[in-house]
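One structure below.
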Amino acid sequence: MRIPCPHCGQRDVGEFRYGGDASKARPAHGTGDMKAWHDYYFLFDNPKGPHDEYWQHVLGCRQWFKLTRNTATNEIGEQP
Amino acid sequence: MLDRRSALASAKPYTSSVLQIGEAHGFSLLQVAGLAKAISPITGKLPVKVGLAVTSEGRTLMRTGPNQFWIIGPEVDDIETKLPEIAIITPLSHSRTRIVIEGEPARNVLAKGVPLDFHHSAFKSGTFAMTGLHHTPVLVHCVGENRFEIYALRTFAVSVYEWLTDAALEFAR
Amino acid sequence: MFKPYSALALAKHALSPDRPWPRAWNSPEPKSSYDAIVIGGGGHGLATAYYLAKNHGLTNVAVLERNYIGSGNVGRNTTIIRSNYMIDGNTQFFEHSLKLWEGLSHELNFNCMVSHRGQVVLAVSPAQLDTFARRGNIMRLNGIDAELLDRGQVMKLLPYLDYSKDARWPIYGGIIQERAGTVRHDAVAWGYARAADTLGVHIIENCEVTGFVMDGDKAVGVETSRGKILAGKIGIAVAGHSSHVAKMAGLRVPIETHVLQAFVTEPVKPMVDHVISWGAELFYLSQSDKGGMVFGGHIDGFNTYTQRGQFPRIQTVAECAVSLLPLMSKLRLLRHWGGVMDMTPDGSPFIGRTERPNLYFNGGWCYQGFKATPASGWTFAHTIAHDEEHELNRAYSLDRFEKGRELDEFGIGNWTYKQ
Amino acid sequence: MTAFRRLDKGGRIDREKSVNFTYDGKSLGGFAGDTLASALLANGKTLTSRSFKYHRPRGIMSAGVEEPNGLFAINGNEPNIPATTVDLVEGLAAQSQNAWPSVDFDLMAVNSFAAPLFQTGFYYKTFMGPFKKSWMFYEPFIRRAAGIGKGSCEKDPDRYETAHEFCDVLVVGAGPAGLTTALVAGRSGARVVLVEQDLELGGQLLSETDRDFEMWRTTQVAELRSLANVTIRTRTTAQGLYDDNLVVLLQRHENHDAARGRPRQTLISLRSKAIIFATGAIERPLVFPNNDRPGVMLASALRTYLNRFAIVPLKRALIVTNNDTAYKTAFDLAEAGIAVTMADHRNVIPSDLLSRAAMLGMAMFPGTGIADVEGAKQVTRVQLAGNHSATIECDVLAMSGGWNPVVHLTSHSGIKPVYDDAIAAFVPGGYAKNHFGAGAVTGKFGFESVIKDGNAAGADAAKAAGFDKPATPVATIGAKDRAYKISPHWAPKTTGKGKAFVDFQSDVTVKDIRTAHDEGYVAVEHLKRYTTLGMGTDQGKTSNINAIGLMAELREMPISQAGTTTFRPPYTGLAVGAIAGRTVGLHFRPYRLSPLHDANKAHGATFIEAGLWMRAWYYAWAGSTPETAYIREMELVRNGVGIADISTLGKIDVQGPDAAEFLNRVYVNGFAKLPVGRARYGVMLSDDGVVLDDGTTTRIADIHYYTTTTTAQAGEVMSWFEYLLQTQWTDLKVHVTSLTDEWAGMAVSGPKSREALQLAFPDADVSNENLPYMGCLDVHLDGVRIRILRLSFSGELAYEVHVPAEYAGSLWEHVLKVAEPLGIRPYGLEALASLRIEKGHVAGLELDHRNTLDDLGLGKIAGKEKSYVGKELRFREALQAPDRWSLVGIELMEPDKKLRGGSILFSAGDEIKGHGRGYITSVTWSTELKKFIALGLYQGGLKHEGEDIICAFPLKNEQVKARIVSPHFIDREGARLNA
């Protein structure tokens, strides 16, 4: 798989670190009750289809970014 | 007296009639984060996107992030003192070991470990890439038709150097 | 017509080859309703159906499989069984599973080739050997066999590993569980299917569940590609697709689907007599009875439903194989494949009731679904039959994260986005 | 006995270059251009191997990668290699396998007589008793019988290389279609890579006799070679297709020499914008009784042996077919003077074939198949059945059951092949974006149509890769294609007595497939797994489709409904060593060396692997084993002064207007009010409220902090900071940079450490007043800025001296030299880890991501009012339970015994079983207390201080008495720290 780093361009998946579901909204710092944090941290929509997610170009520019990938095909679409 | 000691001080030299691999000492590396327009009056014109390097007045400026630059200067450089307060400055001269690989097979040797297109038409002089070599992060800077400077993390430098010279064993004398 | 398997039956059959063997399991049309339905005809689903019938007398049961039985991870894993778990809740469950494995071929009248060849886990630092010792001590204190090995003992047992100065991480020692081993994985699905079928369970292949029939909060049946089927109780055992099926019932679960790759080489004469795991990186290998080296490593590291892996992971695993066992270098890989797996935040599974009455959930098996098969079926059947958890699966509740009751066997925190 | 002979002339072999090789130790000769298979046949070796299960005599059946029978051990260390894929080179040593004492006389052939017992499902139905673990008794026998060749336990002497490559258009296969597409794409200016598994380009053309074909071939090859933008790789197999057009190629090198760095094989990861599959097709065997006798081979293979290798049957060949293509073999043989008899399953045979056959004097049997094949060790006689019953004496029986397009690569992408009735075979079920098929793989078998197809595919692929200027198409030779007609024939309706093999290598017969059907193993995957069909080293290339056809017949359904099989990479067996490349042994993972590595070495350090790092474990001055040396090193620190390398600590530069706010958020304790020039210990949690890491943070300037992390978590923490700043708290103006490599660190510890520092930095004021505990001082030495932090991991008066990495070595030597009068010496990792146990500092073994702040006795440092990462989930019910296992100190109460890490803890009155009340994390000998002490986690923690416990270590049958004490074994008041 090739991941489009918005800064460095298309690179091999081996240069990246996966950061999980980006559609989950992290409660703002210092807000949110235990339930909100539980749902944010432990529950997953885990769709079979388009999935917004974070990646870090960890062996490259070290920037985190979002992209949409289809988990049924691994095809990567536009950045959300 | 304190003296500078290279990470590769005790590395085995590589010799070949077609390929040179060795360390290029004597540089300073300053990382600057901040607005390009605030920095450029001091540094000169900055590269417009990540992966491009410009050389002026004995310094090479690389854009290493959307808002981050590397200034590669002479071993002793006073530019740090001239940069504006607003810039976030991190000296990194000791963090990287610069390894030079030069010669006709250089591109092939690098392509053994780096998942990038090293074709002449794709990786041109004046461009660089931040990527991985043997599971470690490296910055590979093309500085001539068949000459590359590799900025390896200092603590991985011996591993990177040994990996390179092993990859180049078939060209060794 | 059930016809017991035995050497004698085989010999008789050899003499009169025209009398065919009966079908191993039948292929009935689905009825309009059952006392219980198990969604998923993999190892866990089939085992659940078998134990529902065998242990709880529930025989009006159907297993619904969208493809052919055993088409999921029971046919895609590296066939390892073991019970070297140290967290309270895991230890007893996996030991129960291993005990069930020990008699399984007998019980099912189907040879699953349960091979107790022993598993050796190799330590690459003194500190790691200490953590293995903790594991081994817990095992021994729970009546499970474990032996600590020093480097010399490992060298004697596994002379073919790399002990040279070229080894990147020297082997300091290891721990062995002699009762651990391997099982012929497909046979587990077939064996449970045949035994369940014999007890009256309907095994319905090519029947995909497309939705639940609800009565208010209560699940009372399923919609399938072969029509509506009502049921008193419904169990979900579809690891890999757990989120998907749970979502049909309006449940959101702590699971992400990841791909784990597995590898097999050409068959060669016996060289490796144990299951070997390595402490340097996640890597495990055994030689199948057929002669192929079966091995694997980490998940690819991001969620996907594609049953194909990424090449960098393949290289990583091959590097482990050759670095630990130089004999692997010349052996040729014949196939590699991916299984889609439920990964959970703490690396442990779920078996239990859900917030929907009559709906039960079994999933989140991470790396350990295969070895858990018998105990998973055993406890899930109990939970379905009695509408309460068996003491062995009490720790595997879906709401354990809300309570802070993680079962982090490997102590690395959230699996689902750690690579 | 021989069935084959070599002609005096003809073929593509180089008769000027003879090649010597050995077969089972006997010297034989061949020519350059031979494969091992052709050389064996030329030497009259018809019986070359024994089958897997029944040990039946077998010969070479094919001329390509599909070979199921002719497997050999090559050069003593490479088992199961098909002779058809081995180029004959000087000195090659081939050994037959799976037979004892020899393939000619194999005692294991006795298995054949017990064959009725070895029916499908045999293993599943037996060996279950009499005991629970009975399989353990049978397994060794089964295992010994299983496996084909023998692997070698010797270290592989060869070298393997990996490489990355990029191109615009990749063409897989260099037959007529591949040559055409490569040339068209090449003419467009695209960067083209053409790969071919054979050593020559041409594919099927290499087995042709027609001069026009050869002319066409050489013309295209010459032009391809002349194009600078085309790379041709022969002896290269496309093994797998992965996401985003990654194709893995394996290139085999002729002149490999590990000592000179020349690899035996190179594994190339190639990413291409467009891919053309011109992978051709593989001929299918026919299934009939005793179709496995040596001398039975594929018709196309026989033609290849004739035309390419100049090998012919001794006198007569019988050819059986269900399609037209086998006639090419028949005619070529007849023209070479070999008597040919033809049996064709079809009743109606095209008239042009009939008249040509008549002209060549061939005997023809339409509507006729094979009833049986006789010959103990090779074909001697064949019985025909059908419209004609006859017995034919012959040397060779060639068969053609049709052609299977090589759809493997296209299906690696997840697109299933579909059945095409017109050619009675599976073709690609479609193509992913920028993928194209050309030639036989698409089911087109005529030369002219293939070239036409290739011209289109080449242009399409070039266009897809961004090269859309129209390129001149490749010319054809203007011949007329004949239509491909096949009447599929999957298996005889009855098999009579002889075994009719579907999978030759796994010895799966028609009867086995019927049995599987009877028992309900009808899904293709069930069939394969139950019978082992297609599971051999040939990966079922000749068997899968016949089996599917047969199963469909048994199920009385069309093949399209009976299913297809999943093709998984690699396409052919791929050495694990080739995948790993040079990343094995010492190069398995990079090693990370401290800037003080050379200095450590010079001072007699013994190193130990700690993750990727090589760390100084202990030093020669203290002893030669870690068990004793560390004690002397501890005493040095407790009583005098020692210096240790702590460069592996993670170090992070945190700068920006919001730096204080950022640190305040990630750490449980506050950093906003930390004065400039002061350091503070901090702990951070993950979102789940469990401890992630600890370290110290120093405020260098108002908006500038210097943070350290543990060695193990450095990468994780850095990435976590970046995640928070770049994705979640984008409003915070903070920049983080790793300084782990920029700065080296050394701990100078012990009651005499201040004196040592004063000697080292005579101009600096390191007095307690100027540099108090948790203070920070930047000093200059020889113009180098050095940062001294007064921190202590050991519990003694101690300092961390941080210095730019390249100066570390000389500073280390400087300190050791000037402080020599104080007795300073280096101490290593073992002593570092032990000193901290005495002080009760937690480290990696306690920070294992299962423990909370309170578990580690750190709850009180968390700010009650402030918010911090993990605060909410930290208070989940079970994480706050009063009886959680939490940090305690443990003292051994039996002086003649030992404490061990990994011991399980019980209260003195407990029964010793179950999970206990805790466990020991870290153990050391205490030089201060003169006894073994430990840190551990214990249910209820320090509530039980002073209680007696049992430390159980059943792995060594040990139980020792110990006592729960404070984890701060020494200097609880911190007098030493603050001295």
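A, B, ... follow the sequence lines: proteins, then strands. Residue 1 opens every chain.
Annotation for D:Arg900 and D:Ser903: closest pair O-OG, 2.7 Å, computed over non-hydrogen atoms. Of all non-hydrogen atoms in D:Leu612 and D:Pro590, the two that sit nearest each other are CD2-O, 3.4 Å. Contact detail for C:Thr131 and D:Leu845: the closest heavy-atom pair is CG2-CD2, 3.9 Å. Among all heavy-atom pairs drawn from C:Leu331 and C:Met293, the shortest one is CD1-CG, 3.8 Å. Smallest separation of non-hydrogen atoms from C:Arg140 and D:Asn957: NH2-OD1, 3.7 Å.
Contacts of C:Glu406 with chain D are made by side-chain atoms alone, with heavy-atom separations under 4.5 Å and no backbone atom involved. For D:Asn98, the part lying under 4.5 angstrom from a heavy atom of chain C is the side chain only. D:Tyr160 touches chain C through its side chain: at least one heavy atom from C-beta onward sits under 4.5 Å away, while N, CA, C and O do not. Of the atoms belonging to C:Tyr160, it is side-chain heavy atoms, and not backbone ones, that fall under 4.5 Å from chain D. Of the atoms belonging to C:Asp346, not a single heavy atom falls under 4.5 Å from chain D. Of the two parts of C:Asp162, only the side chain, counted from C-beta on, holds a non-hydrogen atom closer than 4.5 Å to a non-hydrogen atom of chain D. Heavy atoms of D:Tyr521 lying under 4.5 Å from chain C belong exclusively to its side chain. Proximity to chain D involves both the backbone and the side chain of C:Ile314, based on heavy atoms less than 4.5 angstrom apart. Residue C:Met139 does not touch chain D at all, counting heavy-atom pairs closer than 4.5 Å. Residue C:Cys112: no heavy atom, backbone or side chain, is found under 4.5 Å from chain D. Heavy atoms of C:Arg335 lying under 4.5 Å from chain D belong to its backbone as well as its side chain. Both the backbone and the side chain of C:Ser115 come within less than 4.5 Å of a heavy atom in chain D. Heavy atoms closer than 4.5 Å to chain D are found in both the backbone and the side chain of C:Thr316. Both the backbone and the side chain of C:Ala24 come within contact range of chain D, with heavy atoms under 4.5 Å apart. Within the 4.5 angstrom heavy-atom criterion, only side-chain atoms of C:Asp186, from C-beta onward, approach chain D. When heavy atoms are compared at a cutoff of 4.5 Å, C:Val272 approaches chain D solely by way of its backbone atoms N, CA, C and O. Only the side chain of C:Glu281 comes within contact range of chain D, with heavy atoms under 4.5 Å apart.
Of the charged side-chain nitrogens involved, at least one lies within less than 4.0 Å of a carboxylate oxygen, so that D:Glu877 and C:Arg405 count as a salt-bridged pair.
Relative orientation of the C:Phe295 and C:Phe263 rings is parallel, given thresholds of 30° and 60° on the angle between their planes. Relative ring orientation between D:Phe127 and D:Tyr138 is described as tilted, the plane-to-plane angle lying within the 30° to 60° band.
Between C:Phe110 and the options D:Trp135, D:Tyr124, D:Tyr123, a ring pair (Phe, Tyr, Trp, His ring centres under 6.0 Å) holds for only D:Tyr124.
The candidate from D:Ile608, D:Asp244, D:Val248, D:Val522 with the greatest count of non-hydrogen atom pairs under 4.5 Å with chain C is D:Val248. Ranking D:Glu78, D:His517, D:Lys125, D:Lys132 against chain C, the residue ahead of the rest is D:Lys125, based on heavy-atom pairs under 4.5 Å.
For the pair C:Arg134 and D:Tyr919, the distance from NZ or CZ to the six-membered ring centre is under 6.0 Å and the angle to the ring normal is within 45 degrees. Within the cation-pi definition used here (under 6.0 Å to the ring centroid, within 45° of the axis), C:Arg194 qualifies as a partner of C:Tyr5.
Counting heavy atoms from C-beta on, the side chains of C:Arg308 and D:Leu241 never come closer than 4.5 Å.
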